[in-house]
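Every chain is numbered from 1 and lettered A, B, ... according to where its sequence line falls, protein lines coming before strand lines. All of these numbers come straight from a predicted model, not from anything done at the bench.
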Protein chains: 2
Amino acid sequence: MVVFAGQGDARRSMALLWRTPGPGEARPGPKPGLSVDVIVDAAIAVADADGMAALSMRAVGERLGRTGMALYTYVPSKSELVDLMHDRVLGELPVHYGLEEGWRAAATSWARDAWAFYLRHPWVLQVSQARPVLGPNEYAMLETVLRILRGTGLEAGVLRRVVGTLFHFVRGVAQTAAESRQAPATTGVSDDEWWLARSALLREAVPDFADRFPTVAWLESGAVEAPVDEDEAVPYLEREAKKTFEAGLTVLLDGIEAAVDRAGLPSR
Amino acid sequence: MVVFAGQGDARRSMALLWRTPGPGEARPGPKPGLSVDVIVDAAIAVADADGMAALSMRAVGERLGRTGMALYTYVPSKSELVDLMHDRVLGELPVHYGLEEGWRAAATSWARDAWAFYLRHPWVLQVSQARPVLGPNEYAMLETVLRILRGTGLEAGVLRRVVGTLFHFVRGVAQTAAESRQAPATTGVSDDEWWLARSALLREAVPDFADRFPTVAWLESGAVEAPVDEDEAVPYLEREAKKTFEAGLTVLLDGIEAAVDRAGLPSR
DNA sequence: CTGATATCTTCAGGACGTGAAGAGTCGGCT
DNA sequence: AGCCGACTCTTCACGTCCTGAAGATATCAG
């Protein structure tokens, strides 16, 4: 489920996102029993607990002791609610990273924080990035990363793409890790069980595997690693994703350093 | 909508994926009017045309002049159908890349082919990668990339993560590009209109933008580029994504070269 | 107190996946 | 030749989703 943003009245969305004060005067009618804030918080709680698929207007309403329809007084539609959830939760990300140890150390810290954030709120990865909602925390996050990477001295046009690449990388790998974490819960099968069953079936269905995919077979034969210092509480696939993340981050930052060197600037 | 894989009878899934011949004998009952193949093709057509959200059993059935329920004779569930679609469509990817010009040229070609593929079938990006289905074309793709990058001489453990990083990068950026392409169609608003309207509203709602996000403001002020050689048929956001893709690919491959150098091996 | 307005509920309509039941079709055995 | 049983496909049903419309209730301005 990719959720798109801001279909409704764009001006109202902006006002909700940036908290432009509304009418604000005393008005007739019953006192509001809810508010946009408590609704957004409840929605985030639902999504954190049971995933985006479980995020329904009813579920959010019931968490607040109302029906689903009650929310429509405060929020124009589910789509806008998702926008608000997204921007709100992005506020958890740190925004201050010291540059005393150079941009590379700061960028590494940020990437790791973002990684942890995405695993804490995996549903964020299902909100479409194509047309960002342009909320305050989204800009704060962009500002943070730009400030860090401006230290590279790269020219603005290049910088923008480098930042985009970094975002996409973190999101991409985190997405796989998040789905790995979600899978055992929704399917009731642990990673190890799953992998064991699947590879057995694969051998059965494809006896000539090693002939058809020699390089894959070579890779898997050499895949046995010393299980040193592994956190057994973290399931296999998620551990793998984390390793890919760390390795990929190194590669990516090496590549950025290469770009900096090529531009004839000192690395720090 | 993230679609998970293979909930049903795992053995039957494997057989469907790898085309292990079934009973195959003449059997009583009406002749099958459909087949797994035509169903999968129809489903791919639906997903290509209207996206994963529009992929319903009913929609696929109607495209074939049947009801949705008719499909359940051939395919155990929607989830398995998605698996079959995924693996089938991966067969479009080329598998042969010459290494005469070195691994970097081949990797670049592969990445660009994969990019085009994902934009041709954007729904593929919504199929979860966490627990891959292990179909023939999935392995063929892995085999292809591994063969290319084995030319780096990197050790197996590192290689696996580098390949993972490359996959995630291509998928991640392509996902944004694909959603960009999808957005105008589903919202009826072009990228330019959307951006214009949004930034106007943003200025209106946040007059002190440049003070709050100075680095972002700096970046956007320097964002005016010579519009040389641009394909006007490709909308703005997708063009941006493509540029990020190309720049990121360069950075990534530079990073891989750095890893190769560090391992004390010649770059080609 | 009255009328206007806001909140919240109930009902309804059209989507979705898929289980169960039944109609119709055809191969193979008696 | 005739019928049984396997097979395809449809219809109905249930529980889920979002959300428009209508109505009950609560509160404030005058």
Would you tabulate the pairs of protein nitrogen or oxygen atoms and nucleotide nitrogen or oxygen atoms of nucleotides 10-13 of chain C closer than 3.5 angstrom?
none

I'd like a list of close polar pairs between nucleotides 24-27 of chain D and the protein, N/O only, cut-off under 3.5 Å.
residue : atom : partner : partner atom : Å
D:dT27  : O4'  : A:G29   : O            : 3.4
D:dT27  : O2   : A:G29   : N            : 2.9

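Distance, A:M57 CE to D:dG20 C1': 13 Å, rounded to whole Å. One can place NZ of B:K78 at 18 Å from P of D:dT16, the figure rounded to the nearest angstrom. Atom CG of A:L34 and atom P of C:dT7 are 10 Å apart (whole Å). In this structure, CD of B:E62 is placed 15 Å from P of D:dC9, rounded to the nearest angstrom. Across the protein-nucleic acid pair, B:R66 atom CZ and C:dG24 atom P stand 17 Å apart, rounded to whole Å.
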Open item on the list: Walk me through whether A:L134 and A:L17 qualify under side-chain contact (heavy atoms from CB on, under 4.5 Å).
Closed with: CA-CA 8 Å; A:L134 309 187; A:L17 271 169; 5.9 Å; no
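Heavy atoms of A:L55 sit under 4.0 angstrom from primed sugar atoms or phosphate atoms, though from no base atom. Residue A:L81 is classed as having no contact, given no heavy-atom separation below 4.0 Å to the nucleic acid. Counting any heavy atom pair closer than 4.0 Å across all strands shown, A:G33 reaches sugar-phosphate atoms only and no base atom.
Of the candidates D:dT8, D:dT19, C:dC8, the closest approach to any side-chain atom of A:S77 belongs to D:dT19.
Using a 30° and 60° split on the angle between ring planes, A:F213 and B:Y139 fall in the tilted class, from 30° to 60°.
Between B:R19 and B:D37, at least one side-chain N (NZ, or NE/NH1/NH2) sits under 4.0 Å from a carboxylate O, which counts as a salt bridge. One finds a salt bridge joining A:R120 and A:E92 here, because a Lys/Arg side-chain nitrogen approaches an Asp/Glu carboxylate oxygen to under 4.0 Å. Looking at B:R88 and B:D41, a side-chain N of the basic residue comes within less than 4.0 Å of a carboxylate O on the acidic one, giving a salt bridge.
Place B:A70 and A:Y72 on DNA chain D by their nearest nucleotides, and B:A70 ends up nearer the 5' end.
Side-chain N/O atoms of A:E179 and B:S128 include a donor and acceptor closer than 3.5 Å.
Under a 3.5 Å cut-off, the side chain of B:D113 and the backbone N or O of B:L93 do not form any donor-acceptor pair.
Two rings, from B:W110 and B:F167, have their centers less than 6.0 Å apart.
One finds no side-chain N or O of A:Y74 lying less than 4.0 angstrom from the OP1 or OP2 phosphate oxygen of C:dA6.
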